[in-house]
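A short worksheet on the structure shown next.
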Amino acid sequence: MNSIRETFVNNLKHYRKQRGISQEKLSYAVEKSIAYINQIENKDTWPQPEMVDKIAAALGIPSSALFEEAGSPANMKARFESQFARTLEDELIARLEQTVRDVCKLV
(Lines give C-alpha, C1' and ligand atoms only; values in the text may rest on other atoms or scores of the structure.)
Protein backbone atom coordinates (compact mmCIF):
# COMPACT_ATOMS: atom_id res chain seq x y z
CA MET A 1 0.00 0.00 0.00
CA ASN A 2 1.45 3.32 -1.09
CA SER A 3 1.50 6.47 0.95
CA ILE A 4 -0.70 9.32 -0.27
CA ARG A 5 2.41 11.13 -1.51
CA GLU A 6 3.64 8.11 -3.47
CA THR A 7 0.21 7.64 -5.01
CA PHE A 8 0.00 11.34 -5.89
CA VAL A 9 3.46 11.37 -7.49
CA ASN A 10 2.87 8.11 -9.40
CA ASN A 11 -0.40 9.46 -10.77
CA LEU A 12 1.08 12.87 -11.57
CA LYS A 13 3.91 11.31 -13.58
CA HIS A 14 1.56 8.86 -15.27
CA TYR A 15 -0.98 11.44 -16.42
CA ARG A 16 1.70 13.96 -17.39
CA LYS A 17 3.53 11.43 -19.56
CA GLN A 18 0.29 9.95 -20.90
CA ARG A 19 -0.68 13.37 -22.20
CA GLY A 20 2.79 14.12 -23.55
CA ILE A 21 3.31 17.07 -21.23
CA SER A 22 6.87 17.77 -20.17
CA GLN A 23 7.75 19.15 -16.76
CA GLU A 24 8.51 22.40 -18.55
CA LYS A 25 5.05 22.61 -20.16
CA LEU A 26 3.37 21.71 -16.89
CA SER A 27 5.38 24.32 -15.02
CA TYR A 28 4.32 26.94 -17.56
CA ALA A 29 0.65 25.90 -17.30
CA VAL A 30 0.64 26.18 -13.51
CA GLU A 31 2.89 29.26 -13.43
CA LYS A 32 5.67 27.64 -11.42
CA SER A 33 9.29 26.78 -12.14
CA ILE A 34 10.45 23.52 -13.68
CA ALA A 35 12.44 22.98 -10.49
CA TYR A 36 9.20 23.13 -8.48
CA ILE A 37 7.55 20.43 -10.61
CA ASN A 38 10.73 18.37 -10.34
CA GLN A 39 10.70 18.74 -6.55
CA ILE A 40 7.11 17.51 -6.42
CA GLU A 41 7.89 14.51 -8.61
CA ASN A 42 10.95 13.70 -6.49
CA LYS A 43 8.86 13.99 -3.31
CA ASP A 44 11.01 16.87 -2.05
CA THR A 45 8.02 19.19 -1.68
CA TRP A 46 4.26 18.88 -1.34
CA PRO A 47 1.94 21.19 -3.32
CA GLN A 48 -0.71 23.32 -1.67
CA PRO A 49 -4.34 22.31 -2.39
CA GLU A 50 -4.77 25.17 -4.88
CA MET A 51 -1.70 23.95 -6.77
CA VAL A 52 -3.08 20.40 -6.86
CA ASP A 53 -6.18 21.84 -8.53
CA LYS A 54 -4.04 23.77 -11.06
CA ILE A 55 -1.96 20.69 -11.86
CA ALA A 56 -5.07 18.57 -12.36
CA ALA A 57 -6.64 21.21 -14.59
CA ALA A 58 -3.45 21.41 -16.67
CA LEU A 59 -3.56 17.62 -17.07
CA GLY A 60 -7.28 17.66 -17.91
CA ILE A 61 -8.26 15.40 -15.02
CA PRO A 62 -10.23 15.85 -11.78
CA SER A 63 -8.05 16.61 -8.77
CA SER A 64 -9.27 13.43 -7.10
CA ALA A 65 -7.67 11.34 -9.87
CA LEU A 66 -4.26 12.29 -8.52
CA PHE A 67 -5.08 10.60 -5.21
CA GLU A 68 -6.83 7.44 -6.43
CA GLU A 69 -4.73 4.55 -5.23
CA ALA A 70 -6.74 1.98 -7.15
CA GLY A 71 -6.01 3.86 -10.36
CA SER A 72 -2.35 4.33 -9.62
CA PRO A 73 -0.31 2.80 -12.45
CA ALA A 74 2.00 1.12 -9.97
CA ASN A 75 -0.95 -0.45 -8.15
CA MET A 76 -2.62 -1.54 -11.37
CA LYS A 77 0.61 -3.26 -12.41
CA ALA A 78 1.02 -4.91 -8.99
CA ARG A 79 -2.57 -6.20 -9.03
CA PHE A 80 -2.14 -7.57 -12.55
CA GLU A 81 1.14 -9.29 -11.67
CA SER A 82 -0.34 -10.67 -8.46
CA GLN A 83 -3.41 -12.06 -10.22
CA PHE A 84 -1.39 -13.45 -13.12
CA ALA A 85 1.04 -15.13 -10.71
CA ARG A 86 -1.85 -16.69 -8.74
CA THR A 87 -3.48 -17.94 -11.91
CA LEU A 88 -0.22 -19.41 -13.14
CA GLU A 89 0.47 -20.96 -9.74
CA ASP A 90 -3.03 -22.49 -9.61
CA GLU A 91 -2.60 -23.93 -13.11
CA LEU A 92 0.79 -25.43 -12.27
CA ILE A 93 -0.52 -27.00 -9.07
CA ALA A 94 -3.50 -28.50 -10.89
CA ARG A 95 -1.26 -30.00 -13.57
CA LEU A 96 1.18 -31.39 -11.02
CA GLU A 97 -1.64 -32.96 -9.03
CA GLN A 98 -3.06 -34.53 -12.19
CA THR A 99 0.36 -35.85 -13.19
CA VAL A 100 0.85 -37.36 -9.71
CA ARG A 101 -2.60 -39.04 -9.93
CA ASP A 102 -1.78 -40.39 -13.39
CA VAL A 103 1.57 -41.78 -12.18
CA CYS A 104 -0.09 -43.33 -9.10
CA LYS A 105 -2.57 -45.14 -11.36
CA LEU A 106 0.33 -46.70 -13.27
CA VAL A 107 1.97 -48.01 -10.12
Lys25 to Tyr28, cation-pi by 6.0 Å centre distance and 45° axis angle: no
Close side-chain approach of Pro47 to Phe8, heavy-atom, < 4.5 Å: yes
Indicate yes or no for a side-chain donor-acceptor contact from [X] to the backbone of [Y] under 3.5 Å, with no hydrogens or angles considered.
| X | Y | result |
| --- | --- | --- |
| Thr7 | Ile4 | no |
| Asp53 | Ser63 | no |
| Asn10 | Glu6 | yes |
| Asn38 | Gln23 | no |

Check against side chain to side chain contact (heavy atoms under 4.5 Å, CB included), Val30 and Ile37: CA-CA 9 Å; Val30 299; Ile37 301 300; 4.0 Å; yes
Within 6.0 Å of CD in Glu24, more than 12 heavy atoms from elsewhere: no
Within 6.0 angstrom of Gln98 CD, more than 12 heavy atoms from elsewhere: yes
Hydrophobic cluster identity match, Ile21 and Ile34, side-chain contacts under 4.5 Å: no
Residues forming a salt bridge (charged side-chain N to carboxylate O under 4.0 Å, His left out) with Arg101, sequence neighbours excluded: none
Check against side chain to side chain contact (heavy atoms under 4.5 Å, CB included), Lys54 and Glu31: CA-CA 9 Å; Lys54 281 186 171 185; Glu31 301 173 329; 3.7 Å; yes
With Ser22 via side chain to side chain donor-acceptor pair (under 3.5 Å) - residues at least two apart: none
Set of residues satisfying side chain to side chain donor-acceptor pair (under 3.5 Å) with respect to Asp44, sequence neighbours excluded: none
Worked verdict on Lys32 versus Leu26 for side chain to side chain contact (heavy atoms under 4.5 Å, CB included): CA-CA 8 Å; Lys32 290 288 186 178; Leu26 181 59; over 6 Å; no
Aromatic plane relationship, Phe67 with Trp46 - under 30° parallel, 30 to 60° tilted, over 60° perpendicular: perpendicular
